[in-house]
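Heads up: the structure comes next, in structure tokens.
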Amino acid sequence: MAGLALGLMSLLLRILAGVPLIAELAGDRVIPALDVRTFVRLLGRLGGPLRGKSLSFMGAFVAQVGVGGLVGMVFAAFAGRSPGDRRSRRRWTAILIGAAGLAWLLAVALLWPALASNYMGLPSPWARVTTIVGLGLDVGAFVSVLLLVTRRVLAPEPQAAHGGEGTGPGDERRRVVARTPTVGRRAVLLGGAGALGIAATAGLARALYGRATFGSFGYDGLMVRGPHTSPITPNGDFYCVTKNLIDPRVAASRWRLRVVGLVDRSLTFAFADLRALRSVEQIQTLECISNGVGSGLMSNADWTGVTLRSLIEAAGPRPGVAWVVMHAADGFVNEMSFEKAMEPTTIVAYAMNGEPLPDRHGYPARVLVPGTYGEVNVKWVDRIELSATPVKGYYERQGWKANFVQTTSRFDRPVGGQVIVLGRTPEVELGGIAFAGDRGISTVDWSADGGSSWLPAGITYAPSRIAWSLWEATWSPRAPGTYRLLVRATDGEGTLQPNVHHGVVPAGASGLHQIAVTVRP
Ligand SMILES: Nc1nc2c(c(=O)[nH]1)N[C@H]1C(S)=C(S)[C@@H](COP(=O)(O)O)O[C@H]1N2
Ligand SMILES: [Mo]
């Protein structure tokens, strides 16, 4: 029962006040500290990020109730064996409260680096305080219910009518007699409250779980790919990656963006303030560092926002600033060099393809940093901190290197494994995308003989240096057979995409996308 109370309290605080769950805090404490290889291996073991998240979400509740139950039983066993007089009751109550206080302090100390997050977007000093208070309330709920159940229900105070606080053997007998008739009622009471607790906890957990979902944590890792990639990805199809079990839901009215640190004056922008500043618009592609060659964790959008530079200049950067650290509502952190922050295409975006940012893409605002992998593009940003020293990012601490985007190119059509019937399609349409961070794409070549000879493709869409290009070519296979088709791009600086295969760890994948197609007569 006490374990359930703890679970229930933490769920209520999560839903009503955005206070992170213990599972979320533990994840943010442990995950960045893992080595990238351990992290990737662990994800594999758990069956991918979605299953891993489901398991931790559910597992955390089971663990809480389990540990709570264990502690409760140990307490009930010890306290129950002591004489039932008022002094010993007070002693046991004091022991329990003391132990709970220690557990609370220990949790705060262990989870300290992860405490400054709030999924409703409370600014960071308040977020940390709220989390600490929330942990206290969790522990408080646990202790209160444990005391209530052990005192009032399992071992009610002897009634004055039955001899008060007697300690003699006769009183002991009378107490037993007095308790016997109510055992059934107590069992019903306990059982009823327990069932109610379970139902309430499960209901709230499901409601919360449902937020993250079209299925189960369904949109983390979402990618939409098909033979006809649209130049601009519709918002609903835009790939999505998040560290969170359940993403923040920040109310624009409560949200503030603060510019702090080594500045002449700290600034605070409300959402309306940001929108009143001179806006910029740019078409920019985002790619996750864990996007494998030929894969789809990469999308393109038309973003609107303000330059980060304008915010930094308004605050007045002090001499010695070398780094700009971005903090987010979910406790996510990443930094970039001051130089990068001052580039005209580094922006704080509040609109995506003409609509407000969808929640899962960082509503109300996110940072966009062309030339870096996705993780540098902090969603739900609420604090920009100018600093002389670098702070390691959430994933950077694991060892990921996200500040250079490998040149990549991809076939979207034909689809690998496709069978082409020569008689019906003598000319095969080839096409796909090519991307090189903020370097642009100058040319794309393709090969139908496994890379022995190359032909130029046509570039049909190239909106900016910071977006992907679409390419197209027509292939007329001469004879039936199986062909190995390859594509390669040259970036805007003239560097050819290397044909050296490397996995995504730790600096993003490299190598050429290759598909096999069969040509039939
Ligand atoms: N606050 C915050 N920002 C974040 C993340 C996150 O978990 N929290 N994930 C990062 C990662 S790993 C990627 S790839 C991109 C994905 O952005 P998207 O979901 O809008 O495509 O967001 C980045 N920004
Ligand atoms: Mo990512």
Side-chain angles (χ1 to χ4, degrees), residues 18 20 24 27-28 31-32 36 39-40 43 49 53 114 116-121 124 127 212 217-224 232-250 255 257 284-292 295-303 305 325-336 348-353 355-370 372-384 393-403 405-406 435 437 468 504-509:
E24 293 171 311
D28 283 350
I31 289 168
V36 51
F39 174 68
V40 169
L43 272 185
K53 286 184 183 186
S117 55
N118 181 278
Y119 288 85
M120 286 186 174
S124 69
F217 299 107
Y219 64 69
D220 183 15
L222 167 110
M223 49 174 131
V224 176
I232 298 277
T233 316
N235 286 355
D237 290 350
F238 202 98
Y239 92 88
C240 191
V241 171
T242 167
K243 75 164 178 69
N244 298 315
L245 287 178
I246 294 121
D247 277 338
R249 268 198 194 167
V250 179
W255 179 84
L257 179 62
Q284 184 197 333
T285 299
L286 275 188
E287 181 185 9
C288 180
I289 197 167
S290 53
N291 187 40
S295 194
L297 285 178
M298 169 159 56
S299 306
N300 190 41
D302 186 348
W303 310 88
V325 189
M326 301 159 275
H327 301 266
D330 60 346
F332 191 85
V333 175
N334 214 94
E335 89 298 343
M336 64 185 131
V348 177
Y350 50 74
M352 181 176 182
N353 296 330
E355 287 164 31
L357 282 185
D359 274 325
R360 62 169 134 155
H361 294 298
Y363 183 84
R366 80 178 302 170
V367 189
L368 292 173
V369 190
T372 67
Y373 280 115
E375 66 207 55
V376 183
N377 299 253
V378 174
K379 305 191 263 192
W380 309 289
V381 67
D382 58 14
R383 189 158 47 107
I384 303 284
Y394 191 92
Y395 288 119
E396 200 179 17
R397 280 183 58 200
Q398 293 187 337
W400 296 96
K401 307 216 174 311
N403 291 322
V405 176
Q406 312 285 342
F435 180 54
W468 65 23
V504 299
V505 174

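Start at 1 and go down the list; that is how both ligands and their atoms are numbered.
Defined by atom type and a distance below 3.5 Å, a donor-acceptor pair is missing between the side-chain atoms of Tyr395 and Asn334.
For the pair Val505/Phe39, no side-chain contact is recorded, criterion being any heavy-atom separation below 4.5 Å from C-beta on. With a 4.5 Å cut-off on side-chain heavy atoms, Tyr239 and Thr233 do not count as touching. In this structure, Glu375 and Lys243 have side chains that are not in contact, with every pair of non-hydrogen atoms separated by 4.5 Å or more. Side-chain contact between Val325 and Ile384: absent, with no pair of heavy atoms (C-beta onward) separated by less than 4.5 Å.
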What does the contact table look like for ligand 1 (nitrogen or oxygen on each side, cut-off under 3.5 Å)?
{"unit_1": "ligand 1", "atom_1": "1 (N)", "unit_2": "Asp330", "atom_2": "OD1", "d": "2.9"}
{"unit_1": "ligand 1", "atom_1": "1 (N)", "unit_2": "Asp330", "atom_2": "OD2", "d": "3.2"}
{"unit_1": "ligand 1", "atom_1": "1 (N)", "unit_2": "Lys379", "atom_2": "O", "d": "2.9"}
{"unit_1": "ligand 1", "atom_1": "3 (N)", "unit_2": "Lys379", "atom_2": "N", "d": "3.0"}
{"unit_1": "ligand 1", "atom_1": "7 (O)", "unit_2": "Lys243", "atom_2": "N", "d": "2.8"}
{"unit_1": "ligand 1", "atom_1": "8 (N)", "unit_2": "Asp330", "atom_2": "OD2", "d": "2.7"}
{"unit_1": "ligand 1", "atom_1": "17 (O)", "unit_2": "Arg366", "atom_2": "NH2", "d": "3.1"}
{"unit_1": "ligand 1", "atom_1": "19 (O)", "unit_2": "Val241", "atom_2": "N", "d": "3.1"}
{"unit_1": "ligand 1", "atom_1": "19 (O)", "unit_2": "Lys379", "atom_2": "NZ", "d": "2.6"}
{"unit_1": "ligand 1", "atom_1": "20 (O)", "unit_2": "His361", "atom_2": "ND1", "d": "2.6"}
{"unit_1": "ligand 1", "atom_1": "20 (O)", "unit_2": "Arg366", "atom_2": "NH1", "d": "2.6"}
{"unit_1": "ligand 1", "atom_1": "21 (O)", "unit_2": "Tyr239", "atom_2": "O", "d": "2.7"}
{"unit_1": "ligand 1", "atom_1": "22 (O)", "unit_2": "Arg366", "atom_2": "NH2", "d": "3.4"}
{"unit_1": "ligand 1", "atom_1": "24 (N)", "unit_2": "Asn377", "atom_2": "O", "d": "3.1"}

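Within the 3.5 Å criterion, the main-chain N or O of Val369 finds a donor-acceptor partner in the side chain of Asn377.
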